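Computed from a predicted structure; not experimentally measured. Position 1 is the first residue of the sequence, and the numbers go up from there.
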Amino acid sequence: MGFTLSNQQQLLSKIATGNGHGENSPYFDGWKAYDSDPFHPTKNPNGVIQMGLAENEMCFDLIQEWVLTNPEASICTAAGVNEFKDIAIFQDYHGLPEFRNAVANFMGKVRGNRVTFDADRIVMSGGATGAHETIAFCLADPGDAFLVPVPYYPGFDRDLGWRTGVQLIPVACDSSNNFKVTRAALEAAYEKAQKANIRVKGLLITNPSNPLGTVIDRDTLRSLVTFINEKKIHLVCDEIYAATVFSQPSFTSIAEIIEENIECNRNLIHIVYSLSKDMGFPGFRVGIVYSYNDDVVNCARKMSSFGLVSTQTQHLIASMLSDNEFVERFIAQSAERLKARHMRFTMELAQVRTSCLNGNGGLFVWMDLRRLLKEQTFEAEMVLWQTIIHEVKLNVSPGSSFHCPEPGWFRVCFANMDDKTMEIALTRIRNFMAQYKEPIAPRKNNRYWQSNLRLSFQSRRMDDVMMPPCMMSPHSPIPQSPLVRAT
C-alpha cells in the first residue's frame, strides 16, 4: 500500500515536511543555474561563472606552502602519525586546549591586538551556521525574535529560525545613508514587534557587512550597545569577515567597544566567528561562539556536542594559528590581495558607468544596477537577474534575496576565482553594458522564461513584521547537487 503526501506529513515532523530550511529563493536558484552549466576555461568556456559564492581563495598558495613546511601538523603524515592515537580518541566538547588558545590568539591578531580574548570562552560549533543556531537556542524561545538590519545574509533565516522557531524582524535601512542602521529605525522595528506582541530578545548585526562589504563605525556601535542595554536585550555580533577589511576605515570589533568606559551589561554581548571567510576554510566547519555571559558559555559548550569540530581539524588549526610569523604574513597578504582584486573589479565597473556601494571589506561588492530596471520594482529586478544569469552567464545574487528594501542592487563575489576567470567575467560585464544601455524589459517569449529554473520571487512589503525563514545557504543537502558551501 503506497503512501500519499498526506500520509507522509502525518508520519513525519513539521520540520521534516515543512519548508523552514527554504529553497524558494532567487539566491539559491542562481546556484542551480551555475550547477547546471558551470564555467570551465577549456571544457565549458561559455558556462556560468560563479559570482554568488563568498569564498576566499586569494591566499591558498601561502596555506599550501605552510602545510608542506609543517607536515607534523597533520596526524595523517609520517611526521605527525605519532600523535594519531591521542588526537583520534579525544572527544571532550571543550576542545583541545591548544586549539582554543590558538583561536583566541588569532581573533586578537585579526583585530590588531587592540583587544584580547579568553580561551576559556571559546566554544566550538559546526561553522558559523551552527554557532548562530546555538546562540539562538541559548537566548530565545520559539516565537521570540531578533531584530536584523537589512539587507542581510539570506541564510540567517534558516540559521536562527528553522529549528529554533525564532523570528527575524527587519530593521529598515536604505541607500540614502549607505544602508547605515539608525537608532530611529531600531526603535521603529522594536515598537512594531511590541505592538504585535512579539518578544524581542536580541539584535543581530554583521560587521563587516554581508552583503554590503562595509564596516560599522565606532559611534554606531556605541549607539547599538546603548540601545540593547536600555531595552535589556542581547547583541549578537557576526564578525566572520573581520580579517577581510583591506583599507580604511578599519574594522572595530564589539569587543573593543565594551572595553571603553561606557555603560554596558557584558552579559548581553556575544560574538560569532569562524575561519570560513578570514582563512578561506569553509569545509573545515570551524565556527566559534564567544560570549561574555558565563551561562551562555556553559550552555553553548554543552550544545556543541551536536556540532563539534573534528579533533584532526583542531590539531591542524592549532598548529597553524600558533605560528605567529605565518599568521601575521597571512593577514597582511590577504588584505593586500583583496584590496587589489576589489580595486580591479570596481575600476572596471566604473568604466561602464556602474557603481558599487563604497565598501572596504568582505569578499564581494554591492553593485548598483537600478538604472537598468524598466521600473523600480522587484519584478523588474528579477527580469534583469534572469538576463544576467542566462545571457551574461554570471551567477550574481539579487538584492531581494538579501531582503533589500530597494530593487536593483546585486551582490557580486570577486575572491573565489583566479585572475583569468575574473578577467573573463569583467569582459562579459563590459559586453553586457555595451549592449544594454537602456532599461531591460521582460521578453515573455524568451526561452529562459520557460526554463526549469524556478522563479520563486514573491512581492514583499517592508512593513511586514516578520520575514519568514524561507532562505537558505548552499550547504543544503539538495539531491544530485554539489551545492555544499556556505556563502
Report task. Give the C-alpha distance, both sets of side-chain angles, the deciding distance and a yes or no for side-chain hydrogen bond (donor to acceptor under 3.5 Å, both in side chains) between Arg158 and Thr129. Result -> CA-CA 9 Å; Arg158 175 214 56 208; Thr129 292; 3.2 Å; yes
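- Applying the side-chain contact (heavy atoms from CB on, under 4.5 Å) criterion to Asn178, with sequence neighbours excluded, gives Leu357.
- Taking a cutoff of 4.0 Å between a charged side-chain nitrogen and a carboxylate oxygen, Arg337 and Glu57 do not qualify as a salt bridge.
- Scanning all heavy atoms of the two residues, the minimum distance from Ser125 to Gly130 falls at OG-C, 2.8 Å.
- Between Lys32 and Asp35 there is no salt bridge, since no side-chain nitrogen of the basic residue lies less than 4.0 Å from a carboxylate oxygen of the acidic one.
- Remark: Phe306 CZ is loosely packed, at most 12 non-hydrogen atoms of other residues, nucleotides or ligands lying under 6.0 Å away.
- Summarising the geometry, atom CE belonging to Met367 is positioned 7.0 Å from atom OG1 belonging to Thr354; distances are rounded to the nearest 0.5 Å.
- Defined by atom type and a distance below 3.5 Å, a donor-acceptor pair is missing between the side-chain atoms of Asp278 and Asn56.
- Closest approach of Ile389 and Val396 over heavy atoms only: CD1-N, 4.4 Å.
- For Lys231 and Tyr190, the positive end sits near the middle of the six-membered ring, less than 6.0 Å away and at most 45° from its axis.
- Judged by distance alone, with hydrogens and angles left aside, the side-chain atoms of Glu239 form no donor-acceptor pair with the main-chain N or O of Pro208 at under 3.5 Å.
- Between Phe137 and Val166 there is no side-chain heavy-atom pair separated by less than 4.5 Å.
- Looking at heavy atoms from C-beta onward, Asp159 lies in side-chain contact with Tyr153 at the 4.5 angstrom threshold.
- If you take CD1 on Ile169 and CD1 on Ile198, they are separated by 4.5 Å, rounding to the nearest 0.5 Å.
- Residues satisfying the side-chain hydrogen bond (donor to acceptor under 3.5 Å, both in side chains) test with Ser175, not counting sequence neighbours, are Arg370, Glu406.
- Using a 4.5 Å heavy-atom cutoff, the side chains of Cys404 and Trp366 are in contact.
- If you check the side chains of Thr226 and Asn229, you find no donor sitting under 3.5 Å from an acceptor.
- Contact of the Asn360 side chain with the Pro249 side chain is registered, since non-hydrogen atoms from C-beta on lie closer than 4.5 Å.
- The shortest heavy-atom contact between Phe146 and Leu203 is CD2-N, 4.1 Å.
- Ionic pairing of Asp419 and Arg344 is not present here: no N-O contact between side-chain nitrogen and carboxylate oxygen is shorter than 4.0 angstrom.
- With a 4.5 Å cut-off on side-chain heavy atoms, Thr244 and Phe251 do not count as touching.
- Here the closest heavy-atom approach between residue Gly359 and residue Thr214 is recorded as CA-CG2, 4.1 Å.
- Under the 4.5 Å side-chain criterion, counting only non-hydrogen atoms from C-beta, Val103 is not in contact with Met124.
- Here the side chains of Trp162 and Ile15 are in contact, with some heavy-atom distance below 4.5 Å.
- A salt bridge links Glu230 with Arg183: the distance from a Lys NZ or Arg NE/NH1/NH2 to an Asp or Glu carboxylate oxygen falls below 4.0 Å.
- Taking the six-membered ring for Trp, Trp409 and Phe179 have ring centres closer than 6.0 Å.
- A donor-acceptor pair under 3.5 Å is absent between the side-chain atoms of Asn395 and the main chain of Tyr34, judged by distance alone.
- Checked against the 6.0 Å centroid threshold, Phe330 and Phe106 do not count as a close aromatic pair.
- Nearest heavy atom pair, residue Lys43 against residue Pro45, reads C-CD, 3.7 Å.
- Rounded to the nearest 0.5 angstrom, Thr421 OG1 and Met417 CE are separated by 7.0 Å.
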Query raised in the report: Hey, mind stepping through Glu379 and Lys374 against salt bridge (Lys or Arg N to Asp or Glu O under 4.0 Å) and telling me if it holds?
Result: CA-CA 10 Å; Glu379 288 81 359; Lys374 188 68 174 179; over 6 Å; no
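- Once rounded to the nearest 0.5 Å, the distance linking CG of Asp157 with CG of Leu168 reads 5.5 Å.
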Query raised in the report: side-chain contact (heavy atoms from CB on, under 4.5 Å) between Leu349 and Gln351: does it pass, once the steps are laid out?
Result: CA-CA 5 Å; Leu349 291 180; Gln351 293 297 314; over 6 Å; no
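- Residues satisfying the ring-ring contact (aromatic ring centres under 6.0 Å, His included) test with Phe284, not counting sequence neighbours, are Phe281.
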Requested in this report: Could you go through the side-chain hydrogen bond (donor to acceptor under 3.5 Å, both in side chains) check for His132 and Thr134 one step at a time?
Outcome: CA-CA 5 Å; His132 276 293; Thr134 297; over 6 Å; no
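- At a threshold of 4.5 Å between non-hydrogen side-chain atoms, the residues Val148 and His403 do not count as touching.
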Query raised in the report: Can you list the steps and then say if Leu275 with Ile288 is a side-chain contact (heavy atoms from CB on, under 4.5 Å)?
Result: CA-CA 9 Å; Leu275 300 182; Ile288 299 297; over 6 Å; no
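- Of the possible donor and acceptor atoms, none in the side chain of Arg411 sits under 3.5 Å from a partner among the backbone N and O of Pro398.
- A donor-acceptor pair is defined here as one N or O able to donate and one able to accept, closer than 3.5 Å; such a pair exists between the side chain of Arg371 and the backbone of Arg353.
- One finds the OG atom of Ser209 at 9.5 Å from the CZ atom of Phe402 (value rounded to the nearest 0.5 Å).
- Listed by first and then second residue, the salt bridge (Lys or Arg N to Asp or Glu O under 4.0 Å) pairs involving residues 160-170 are Glu133-Arg163 (not counting sequence neighbours).
- Residues Gly287 and Ser274 come closest through the heavy atom pair CA-CB, 4.1 Å.
- The list of ring pair (Phe, Tyr, Trp, His ring centres under 6.0 Å) pairs with a residue in residues 338-357, not counting sequence neighbours, reads Phe246-His342, His342-Phe414.
- Residues meeting the side-chain hydrogen bond (donor to acceptor under 3.5 Å, both in side chains) test with Asn416, sequence neighbours left out: none.
- Look at Arg218 and Glu260 and you find a salt bridge, because one of the NZ, NE, NH1 or NH2 atoms lies within 4.0 Å of a carboxylate O, short of that distance.
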Requested in this report: Decide yes or no on salt bridge (Lys or Arg N to Asp or Glu O under 4.0 Å) for Lys180 and Asp217, but give the supporting numbers first.
Outcome: CA-CA 10 Å; Lys180 181 178 178 180; Asp217 62 83; 3.3 Å; yes
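- No side-chain donor-acceptor contact under 3.5 Å links Lys393 to the backbone of Ile388.
- Other residues, nucleotides and ligands contribute only 12 or fewer heavy atoms inside 6.0 Å of the CG atom of Asn358.
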Requested in this report: May I have the step-by-step check of side-chain contact (heavy atoms from CB on, under 4.5 Å) for Glu348 and Arg430, ending in yes or no?
Outcome: CA-CA 8 Å; Glu348 282 295 318; Arg430 284 193 296 268; 2.5 Å; yes
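- Here Lys14 contributes atom NZ and Thr17 contributes atom OG1; the two are 9.0 Å apart, rounded to the nearest 0.5 Å.
- Remark: the backbone N or O of Ile216 is not paired with any side-chain donor or acceptor of Thr220 at under 3.5 angstrom.
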Query - Gln50 and Trp31: CA distance, side-chain angles, deciding distance, side-chain contact (heavy atoms from CB on, under 4.5 Å) verdict - result: CA-CA 8 Å; Gln50 175 62 286; Trp31 276 78; 3.6 Å; yes
